[in-house]
Amino acid sequence: MIKKGLSASAAGEVSLGGEISVYRLGFGAMRLTGEGIWGPPKDRKGASAVLRRAVELGVNFIDTADSYGPHVDEELIAEALFPYPANLVIATKGGWNRPGPNQWTHDATPAHLRKAIEGSLKRLRLERIDVYQLHAPDPAVSFEASVETLAQLRDEGKIQLVALSNVTQEHIERANRIVPIVSVQNRYSFADREWDYVVDYCEQNGIAFIPWFPLGAGKVAGEVLNRIGQAHHASPMQVALAWLLQRSPIMLPIPGTSSVEHLEQNVGAASLRLTEVEYEQLSEVRELVATR
Ligand SMILES: NC(=O)c1ccc[n+]([C@@H]2O[C@H](COP(=O)([O-])OP(=O)(O)OC[C@H]3O[C@@H](n4cnc5c(N)ncnc54)[C@H](OP(=O)(O)O)[C@@H]3O)[C@@H](O)[C@H]2O)c1
């Protein structure tokens, strides 16, 4: 496993809207909550230790959402890290309700988003949220109405930067007519390339792309990851993250974990460089999956 000289800074930086730069290896805090992304963690001290270690390792971008827990994740971040280091960027999200464990229901109405942001500000102990992401477009609400609400909240000084999640290129274009969009967060990995064209669009337009579910699922993906990992004494997760970092300079992976050991491994991926051949072998996995 790569563990020497561990620092998220080895991944280089990405700009968020030309206003803030963060290292290209962030931390996704979703799995710190209880099972089903519901309730408190079994090991609250352990969750705090993971967050503190992430910051120690140079991670300066943490992703969360009001719906993780719900509320618990934002509370844990404040509990572990407040007062925050000056360079730490916390990106939260709103637009879902949580009726129970593993249950998610849309609500991106202007009234809900306004209330959600007030709650996030309070729990995160902030006067302004660095990056606020619309968690997902709500099919029952005008997309423009959701984005206009975020633009108004930015004008009111409650949000610094506006971002989107789970969107198409068309959503990004429509939102950008209302307010500058600094990042897009969609499911993406070497084996899961549905949003390739959105990654390319983001790269062409200076928008950061934040992939979730970086590992890629399935037997074929696992075999290729293992083979390349062995050549570098690296774990499959490190290889999957290294592929993402090589895919585009605007890529900002946010691997999540509830374990300090896994966190250290994941940050180690910042300094892993794949050969061109290895990069291509991973890129071809989606075709191999399709033909089996
Ligand atoms: N925008 C969205 O709709 C959306 C959806 C899902 C997630 N997210 C965000 O994206 C982040 C990443 O999400 P994700 O789905 O990719 O991952 P994740 O939900 O954060 O979980 C990653 C899983 O992989 C395991 N893991 C992490 N590092 C590992 C390692 N080095 N070796 C072995 N196992 C490891 C973790 O288990 P251990 O705890 O045991 O390490 C965890 O179960 C989330 O934390 C969240 O912030 C956003």
Side-chain angles (χ1 to χ4, degrees), residues 1-3 6 8 25-38 41-43 46-47 49-51 53-54 57 59 61-70 72-74 76-77 89-98 102-106 108 120 131-138 163-168 171 183-192 194-195 198 208-217 221-222 225-226 229 232-244 251-270 272:
M1 296 297 159
I2 296 166
K3 276 205 176 182
L6 270 185
L25 199 91
F27 177 73
M30 182 178 82
R31 301 278 166 181
L32 295 179
T33 65
E35 214 170 312
I37 322 300
W38 189 261
K42 277 198 198 115
D43 176 6
V50 171
L51 285 162
R53 184 70 180 133
L57 294 175
V59 168
F61 183 85
I62 295 182
D63 178 76
T64 182
D66 66 345
S67 49
Y68 299 164
V72 173
D73 211 47
E74 292 179 332
L76 284 172
I77 291 170
V89 174
I90 299 174
T92 192
K93 318 181 196 76
W96 288 108
N97 273 322
R98 296 297 312 280
N102 289 318
Q103 292 174 46
W104 307 74
T105 53
H106 286 284
S120 291
V131 180
Y132 197 84
Q133 306 160 94
L134 179 64
H135 208 146
D138 179 341
L164 300 175
S165 176
N166 301 307
V167 288
T168 62
H171 285 121
S183 65
V184 168
Q185 184 173 147
N186 282 6
R187 199 194 63 225
Y188 187 75
S189 74
F190 70 97
D192 176 359
E194 182 180 358
W195 300 112
V198 170
F209 186 91
I210 305 174
W212 56 271
F213 200 38
L215 201 50
L225 284 177
N226 279 330
H232 290 274
H233 304 289
S235 72
M237 181 65 117
Q238 288 178 322
V239 175
L241 292 170
W243 183 89
L244 283 168
M251 194 70 74
L252 167 54
I254 48 165
T257 177
S258 53
S259 123
V260 167
E261 197 192 332
H262 285 170
L263 169 76
E264 290 176 349
Q265 277 178 24
N266 298 347
V267 173
L272 174 59

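Atoms within each ligand, like the ligands themselves, are counted from 1 in listed order.
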Using distance alone, determine whether Ile254 and ligand 1 share an N or O pair under 3.5 Å.
no

Which heavy atom of the protein is the closest neighbour of atom 27 (C) of ligand 1, given with residue, atom name and distance?
Gly256 O, 2.9 Å

With a 4.0 Å heavy-atom cut-off (strictly under), which part of Ala29 contacts ligand 1: side chain, backbone, both or neither?
backbone

For Lys93, take its heavy atoms, then give the atoms of ligand 1 lying under 4.0 Å from any of them.
1 (N)

Just going by heavy-atom distances, which of His262, His135, Arg31 is nearest to atom 33 (C) of ligand 1?
His262

Geometric N/O contact Phe213 with ligand 1, under 3.5 angstrom
yes

Regarding ligand 1, does Ser259 bring an N or O atom to under 3.5 Å of one of the ligand's N or O atoms?
no

Nearest non-hydrogen contact with atom 28 (N) of ligand 1 belongs to which option: Val184, Ile62, Asn266?
Asn266

Can you tell me which portion of Met30 lies within the under-4.0 Å heavy-atom range of ligand 1? Options are side chain, backbone, both, or neither.
both

Closest approach of any protein heavy atom to atom 48 (C) of ligand 1, naming residue and atom:
Gln185 OE1, 2.9 Å

What protein heavy atom sits nearest atom 8 (N) of ligand 1, and how far off is it?
Tyr68 OH, 3.5 Å

Nearest to atom 3 (O) of ligand 1, what protein heavy atom do you find, and at what distance?
Asn166 ND2, 2.9 Å

So which heavy atom in the protein is nearest atom 1 (N) of ligand 1, and how far is it from that ligand atom?
Ser165 OG, 2.8 Å

